[in-house]
J.: 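Below is the structure I would like to discuss, written out as structure tokens.
We count residues from 1, following the sequence as given.
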Amino acid sequence: MRIAFYAPLKPPTHVVPSGDRRVAGLLMEALDRVADKVELISTFRSYDADGEPARQEGLRRQGEALAARLAAQWRAASAHERPDLWFTYHVYYKAPDWLGPAVSEALGIPYVIAEASHAHKRAGGPWAIGHAAAAQAIGHARLVIAPSRHDLAGLKELVAPERLVHLPPFVDPGPYAAAALARSRHRARLAAGRGLDPAVPWIAVAAMMRPGDKLASYRALAGALARLADLPWRLVVAGDGAARAEVQAALESAVPGRAAFLGTLGNRDLAEMYAACDLYAWPAVNEAYGMALLEAQAAGLPVVSRAARGVPDVVVDGRTGVLVEDEGALSGAIRALLVDAERRAALGRAAAAFVAAERSIDSAAGRLKRLLSAL
């Protein structure tokens with residue numbers, strides 16, 4: 001099987017780290033385990049952040065022209081050079097797929113989408129062009145793979161039940177499990193380098209610092225932590241971005257001197273940071289599901305977050321962490337784990353086992369192989 005892979009929002013080769021880039025890369029890795037060839041076909045971004053119809057129209061024209069060129073090139077090529085299937089990751093109103101539907105129809109091959117969303121409220125608004133194109137692509141797909149149950153209701157309006165499958169997010173647990181085995185060494189190194197007291201609990205956070213939902217999450221976290229000033233703990237933050245000054249100001253104002261800012265970390269350093277800490281806390285404001293929550297669990301950390309959107313697809317409340325209904329309850333859940341080392345450890349062990357058994361890249365690859373072979 002030869003697969004053409006495309007991510008209209010952000011390709012896995014994009015220079016800016018993000019959960020979206022990470023998931024695109026993981027999907028390519030999983031597909032590579034079950035296909036003869038997986039090729040990133042294009043880095044063309046159809047993303048319109050601001051709802052500008054003229055920009056969406058321009059992106060549509062560019063996309064249609066590129067799709068026509070790709071289809072013509074493959075039609076002129078030998079059969080073994082053409083893809084057997086087109087696989088697009090993440091289609092929604094701000095980043096529709098102008099390539100996959102047209103090329104797959106021209107070549108007569110199945111078109112598959114992993115992660116898509118659809119909501120009527122976007123029809124007729126500033127993203128009307130993108131909304132209509134996304135809906136058309138979703139309806140065209142032979143298979144739509146949804147990582148979050150939260151998206152299923154909207155997708156059922158466009159996709160027949162037999163073409164809609166829930167496949168939860170996944171990671172390669174290997175690097176995180178390896179880091180966890182060397183926890184003492186990573187903790188000692190981080191303590192020495194950042195002046196952290198290894199005798200108190202460390203709360204981990206890994207998230208980009210950008211305006212909007214991420215900044216709102218950081219501010220909600222600062223508010224929750226401010227109510228825990230009577231306890232000994234430190235916050236270890238990995239991430240950077242345009243809103244770094246605002247993030248640092250919010251945390252320093254709420255919990256002066258408690259946060260250590262590590263900046264952007266590579267995958268290996270991030271796994272070691274998780275392993276060195278004691279729990280992961282994140283308010284998940286409008287979070288699709290949160291890959292960092294899954295990574296932290298793979299390293300043996302219990303997670304405290306909100307039971308919102310796709311978060312319950314990556315954190316099992318009471319088994320691998322604690323999920324609360326609103327931001328106001330977040331501080332209480334964090335407090336309960338800060339003062340109970342035995343429960344933290346038990347949840348952390350269960351979290352690592354959960355990821356290894358139920359959210360691993362190997363299990364996802366096996367499921368993808370069965371799904372795609374059926375097409």
Side-chain angles (χ1 to χ4, degrees), residues 17 19 22 26 169-207 221 225 228 231-240 251 255 257-282 290-305 314-323 333-362:
R22 182 81 177 109
L26 282 165
F170 57 88
V171 295
D172 180 356
Y176 304 98
L181 291 174
R183 167 184 160 80
S184 297
R185 176 162 54 86
H186 300 319
R187 190 174 179 89
R189 176 182 55 79
L190 196 53
R194 295 289 177 165
L196 299 172
D197 181 357
V200 305
W202 295 357
I203 302 168
V205 166
L221 179 64
L225 294 178
L228 303 173
L231 296 177
W233 52 266
R234 293 296 301 270
L235 179 68
V236 182
V237 183
D240 207 340
L251 289 169
V255 285
R258 297 279 189 119
F261 297 94
L262 309 188
T264 300
L265 299 181
N267 291 339
R268 179 176 176 179
D269 290 337
L270 190 57
E272 293 175 358
M273 184 273 275
Y274 290 137
C277 293
D278 298 281
L279 70 152
Y280 190 97
W282 186 242
M291 286 302 294
L293 309 183
L294 201 57
E295 294 168 350
Q297 290 176 97
L301 294 192
V303 169
V304 178
S305 188
V314 297
V315 181
V316 184
D317 184 34
R319 177 183 165 195
T320 71
V322 179
L323 299 181
I334 298 171
R335 177 182 290 274
L337 288 187
L338 286 174
V339 301
D340 192 341
E342 186 174 334
R343 186 174 181 227
R344 282 202 313 266
L347 288 171
R349 288 191 296 270
F354 163 70
V355 175
E358 302 178 40
R359 296 294 187 269
S360 74
I361 192 170
D362 286 333

J.: Distance from Trp233 atom CH2 to Leu228 atom CG, nearest 0.5 Å?
T.: 6.5 Å
J.: Search all heavy atoms of Leu270 against all heavy atoms of Ala238 and return the closest pair with its distance.
T.: CD1-CB, 3.9 Å
J.: Do you know which two heavy atoms are closest between Pro198 and Ala191, and how far apart they sit?
T.: CD-CB, 4.2 Å
J.: Contact between Val314 and Thr320 at the side-chain level, heavy atoms closer than 4.5 Å - yes or no?
T.: no
J.: Let me confirm one number: the CG-CG distance from Leu190 to Asp269, rounded to the nearest 0.5 Å.
T.: 10.0 Å
J.: How long is the span from the CG atom in Leu347 to the CZ atom in Phe354, to the nearest 0.5 Å?
T.: 13.0 Å
J.: What is the minimum heavy-atom distance between Val303 and Leu293, and which atoms define it?
T.: CG2-O, 3.7 Å
J.: Using the salt bridge (Lys or Arg N to Asp or Glu O under 4.0 Å) criterion, which residues pair with Arg194? Sequence neighbours excluded.
T.: none
J.: Is there any salt bridge (Lys or Arg N to Asp or Glu O under 4.0 Å) pair reaching into residues 171-186, and which pairs are they, with sequence neighbours excluded?
T.: Arg183-Asp278
J.: Sequence neighbours left out, what passes salt bridge (Lys or Arg N to Asp or Glu O under 4.0 Å) with Glu272? Give chain and number order.
T.: Arg189, Arg268
J.: Just jot down the salt bridge (Lys or Arg N to Asp or Glu O under 4.0 Å) partners of Asp340, sequence neighbours excluded, or say none.
T.: none
J.: Do you know which two heavy atoms are closest between Ala179 and Ala271, and how far apart they sit?
T.: CB-O, 3.5 Å
J.: Can you tell me how far apart CD (Glu295) and CG (Leu301) are? Round to the nearest 0.5 Å.
T.: 11.5 Å
J.: Taking the side chain as every heavy atom from C-beta outward, state whether Asp317 and Val322 have any atom pair closer than 4.5 Å.
T.: yes
J.: Which heavy atom of Met291 sits nearest to which heavy atom of Gly19, and what is that distance?
T.: CG-O, 4.3 Å
J.: Surrounding CZ of Arg343 (heavy atoms of other residues, nucleotides or ligands, distance under 6.0 Å), is the total greater than 12?
T.: no
J.: Write down the atom of Leu231, the atom of Arg258, and the distance for their closest heavy-atom approach.
T.: O-NH1, 3.0 Å
J.: Ile203 and side chain to side chain contact (heavy atoms under 4.5 Å, CB included): which single residue from Val236, Ile334, Val304, Leu337 fits?
T.: Ile334
J.: Only pairs at least two apart or in different chains count here, so list each ring pair (Phe, Tyr, Trp, His ring centres under 6.0 Å) that has a residue in residues 259-282.
T.: Tyr218-Trp282
J.: With Arg234, which residues qualify under salt bridge (Lys or Arg N to Asp or Glu O under 4.0 Å), at least two apart?
T.: none
J.: So Arg359 and Leu294, do their side chains get closer than 4.5 Å, heavy atoms only?
T.: yes
J.: So, taking the atom named CG in Leu235 and the one named CG in Leu221, what distance separates them when rounded to the nearest 0.5 Å?
T.: 6.0 Å
